[in-house]
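A short worksheet on the structure shown next.
No hydrogens, no waters, no symmetry mates; every other heavy atom, side chains included, goes into these values.
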Amino acid sequence: MPTSRTKRSTAAALAALTLVITAACSSSGGGKTAPRTTSAPRADILAVKIDNVAAARPPIGLEKADIVYVEQVEAGLSRILAAYSSDLPSVIGPVRSARETDLELLRQFDEPTLAYSGAQSALRPSIEAAPLDALPPSKAPDAYFRSGDRAAPHNLYLRPGKIPHTSTGVNAAEDLGIRFGAPPPGGTPVHGRTVSYPSAQFTFTWAADRDQWLVSMDKTPARTASGDRLRAATVVLQDVDVQPSRFRDRGGNTSPFSATVGTGSAAVLRDGKSYDVAWERNTAESATSFTTEDGEPMTFATGQVWIVLVPK
């Protein structure tokens with residue numbers, strides 16, 4: 001019997017397939033979620049949970065991700081959930097443990113693969129029940145390795161080619177119905193924006209000569225393993241409710257849960273401007289829509305998208 005990954009790869013190869021998923025209208029605000037429309041081949045998503053404390057930097061392979069989600073974790077720190085489809089690096093990491101927030105985020109995709117180092121025992125049943133292909137080291141020992149250049153636990157890496165998992169050439173953002181194109185009218189020119197968690201900080205600075213937003217973390221320029229600056233074509237600062245979950249880490253710190261189902265406001269940074277938009281996601285299975293003040297779908301600049309979950 002074909003595995004879920006085989007079925008997804010087969011679906012990705014059917015160039016004539018067009019999937020249209022239209023979310024229901026909001027019953028309270030009267031707003032309408034944009035249709036979730038994707039032309040084949042569909043993205044085949046590999047999501048990797050990546051460490052993001054100082055000892056884990058620079059990350060390897062993050063610059064190849066289609067979407068970089070930034071979320072708050074215990075003690076006010078941050079971690080990254082990177083989604084890959086269009087291109088895959090040979091190595092990704094350092095890989096760390098999954099969180100409840102990841103499971104809700106990934107419900108937007110079609111049975112993605114989630115690579116992670118592990119999870120606390122109380123969360124494991126939720127991971128096993130989630131509509132995804134869970135891939136900790138115990139399930140794919142040949143795909144993971146530990147590097148000798150960093151101390152554990154910041155030295156676990158994934159070789160995507162050992163899963164195996166191949167690139168599709170389709171940006172993972174397109175699987176969510178995100179539209180790439182010319183910017184909408186309006187917007188406010190802005191040099192940069194900063195987001196702060198209790199123990200982490202992210203700054204995105206517009207570089208007109210590169211047509212990109214340069215990323216800084218904890219007031220330090222963020223770089224790739226080769227020394228280049230991490231940068232994004234589009235940055236979404238998405239306001240979300242961050243609530244205590246029922247899970248705790250080994251130190252007794254409560255794991256926060258960032259709710260990404262619902263409605264709220266966001267700022268979309270592209271082409272040196274900031275656009276005020278509304279976001280909406282009616283159910284966990286729905287894609288998140290981003291709508292301008294004119295009621296039109298927000299268009300993103302072609303390239304890597306960073307989505308920072310900002311506590312309200």
Side-chain angles (χ1 to χ4, degrees), residues 5 8-21 33-50 59 61-70 80-90 92 102 105-115 132-133 158 160-161 163 165-184 204 210-213 215 224 228 230-238 260 266 268-271 275 277 279 281 286-291 297-309:
R5 187 181 296 113
R8 291 198 310 274
S9 298
T10 300
L14 299 176
L17 178 64
T18 300
L19 297 178
V20 179
I21 303 174
T33 300
R36 181 174 178 171
T37 305
T38 307
S39 297
R42 292 198 69 183
D44 188 16
I45 309 299
L46 169 64
V48 184
K49 195 60 184 288
I50 297 178
L62 184 61
E63 68 275 13
K64 295 289 188 179
D66 295 323
I67 307 175
V68 177
Y69 289 103
V70 178
I80 286 171
L81 182 66
Y84 297 83
S85 177
S86 63
D87 194 9
L88 281 176
S90 59
I92 302 172
D102 306 327
L105 276 173
L106 292 176
R107 290 286 294 276
Q108 300 177 91
F109 297 103
D110 180 28
E111 296 185 32
T113 297
L114 173 60
L132 53 77
D133 186 359
L158 172 74
I163 300 176
H165 203 286
T166 58
S167 59
T168 64
V170 179
N171 192 303
E174 295 181 33
D175 205 47
L176 301 181
I178 285 176
R179 303 181 185 184
F180 295 99
F204 302 92
R210 301 190 187 188
D211 289 330
Q212 297 276 312
W213 298 91
V215 183
T224 67
D228 295 331
L230 282 174
R231 52 190 184 267
T234 304
V235 179
V236 180
L237 308 181
Q238 182 179 351
T260 54
V268 174
L269 311 180
R270 60 161 298 174
D271 303 303
Y275 295 84
V277 304
W279 68 266
R281 184 180 172 200
S286 302
T288 305
S289 66
F290 297 96
T291 308
M298 180 67 198
T299 50
F300 288 20
T302 302
Q304 189 177 74
V305 176
W306 281 58
I307 300 179
V308 183
L309 304 181

Any idea which heavy atoms bring [X] and [Y] closest together, and the distance?
X	Y	answer
D110	D175	N-OD2, 4.0 Å
A266	W279	CB-CD1, 4.2 Å
A233	G303	CB-CA, 3.8 Å
P184	Y275	O-OH, 3.4 Å
A232	V235	CB-CG2, 3.9 Å

I67/L81 under side chain to side chain contact (heavy atoms under 4.5 Å, CB included): CA gap, chis, key distance, verdict: CA-CA 8 Å; I67 307 175; L81 182 66; over 6 Å; no
Separation between [atom1] of [X] and [atom2] of [Y], rounded to the nearest 0.5 Å:
X	Y	atom1	atom2	value
L46	I92	CG	CD1	5.0 Å
L132	D102	CG	CG	9.5 Å
Q238	Y69	CD	OH	8.0 Å
R179	S289	CZ	OG	10.5 Å
L230	E63	CG	CD	7.0 Å

Side chain of [X], backbone of [Y]: donor and acceptor closer than 3.5 Å?
X	Y	value
D66	S85	yes
S167	G169	no
T234	V305	no
Q304	L62	yes
D133	T113	no
R270	T299	yes

L309 and L105: CA distance, side-chain angles, deciding distance, side chain to side chain contact (heavy atoms under 4.5 Å, CB included) verdict: CA-CA 11 Å; L309 304 181; L105 276 173; 4.2 Å; yes
Given side chains that start at C-beta, do those of [X] and [Y] come closer than 4.5 Å, heavy atoms only?
X	Y	result
W213	R231	no
V170	S86	no
D44	H165	yes
T291	M298	no
E174	F180	yes
F204	V215	yes

Candidate pair R281 and T260, rule side chain to side chain contact (heavy atoms under 4.5 Å, CB included), full reasoning: CA-CA 7 Å; R281 184 180 172 200; T260 54; 2.8 Å; yes
Evaluation steps, side chain to side chain contact (heavy atoms under 4.5 Å, CB included), between F109 and L176: CA-CA 7 Å; F109 297 103; L176 301 181; 3.6 Å; yes
Parallel, tilted or perpendicular: rings of F300 and F290 (30°, 60°):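 The arrangement is tilted - the two ring planes meet at 30° to 60°.
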